[in-house]
Novice: 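Structure incoming, see below.
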Amino acid sequence: MAIDLFDLAGSWLDLLLVRRIIIPTAVGIVVALGVYYLTGQTPASAAVAFGIGLLSVCVGVIWHIAGGSKPGAA
């Protein structure tokens, strides 16, 4: 059984382009950049901004997994 690299990349690309993952990630990145610039651009604020961005990706993945079967889900 051969693994088709293009098929595997297409599957990951389809998952990344899902609206339930893109919306929280985009909002999280905007909030993270805002926190970083408003708190003085220190290494500590960069770490907090990175945590916010990572948390937003996790929220998007959980939202995608949990909201798939509901009729009115986004």
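Please read these numbers as outputs of a predicted model, since none were measured by experiment.
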Novice: Of the non-hydrogen atoms in P24 and G60, which two are nearest, and what is the gap between them?
Specialist: CG-CA, 3.6 Å

Novice: Is the closest side-chain heavy-atom distance between V48 and T39 below 4.5 Å?
Specialist: no

Novice: Is I52 reachable from V27 through a run of I, L, V, M, F, W or Y residues, each pair having side-chain heavy atoms under 4.5 Å apart?
Specialist: yes

Novice: Would Y36 end up clustered with I29 when hydrophobic side chains under 4.5 Å apart are linked, directly or stepwise?
Specialist: yes

